[in-house]
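Nothing here was measured: the structure is a model prediction, and the numbers come from that model. Only this structure's heavy atoms are used, side chains among them; waters, hydrogens and symmetry mates stay out.
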Amino acid sequence: MAFCTSCGKPVDDSASFCPSCGAPTGGASQPVCSRPAPAPDEPSTGLKVLSFLIPLVGLILFLVYMDEKPISAKAYGKMALIAVCVATGLAIVIAILASIFAASIFGGILSSVMSILSTVV
């Protein structure tokens, strides 16, 4: 017969808890309801790259994982947002360069046409 370390009352050797105070005794342990260990919340590099290359996929991954894996969801959403910002910046730069190029070509053509017309008239 063992004694409870918390209250000092006698406890059966096979008991896991003291019947008087409920403190664990260190005796035979009963199986405790076990849950599966949560999956580590570490974002996948492949999914981060995919989120950058296809921002819509990043948005979908963010929405799917935002409750169960918030760190991963934030990483995927961040990569999608960065991709949208980069694409917008590149589109603006390309539009400016195309405008400059078009103005130089059409400006040269227009001046050539005007010089030809002035010699004909």
Start with the C-alpha distance between Cys18 and Ser6, add both sets of side-chain angles, then the distance that settles side chain to side chain contact (heavy atoms under 4.5 Å, CB included), and finish with yes or no. CA-CA 9 Å; Cys18 174; Ser6 180; over 6 Å; no
Side chain to side chain contact (heavy atoms under 4.5 Å, CB included) test vs Cys4 passes for just one of Pro19, Cys21, Pro24, namely Cys21
Test of understanding: with side-chain contact (heavy atoms from CB on, under 4.5 Å), list the residues that count as partners of Ile105, not counting sequence neighbours. Phe101, Ile109
Mind listing the side-chain donor-acceptor pairs of residues 80-90 below 3.5 Å, one per line with the distance, residues two or more places apart or on another chain?
from: Thr88; atom 1: OG1; to: Val84; atom 2: O; distance (Å): 2.8

For residues 45-64, which side-chain donor-acceptor pairs fall under 3.5 Å, sequence neighbours excluded?
from: Ser51; atom 1: OG; to: Leu47; atom 2: O; distance (Å): 2.8

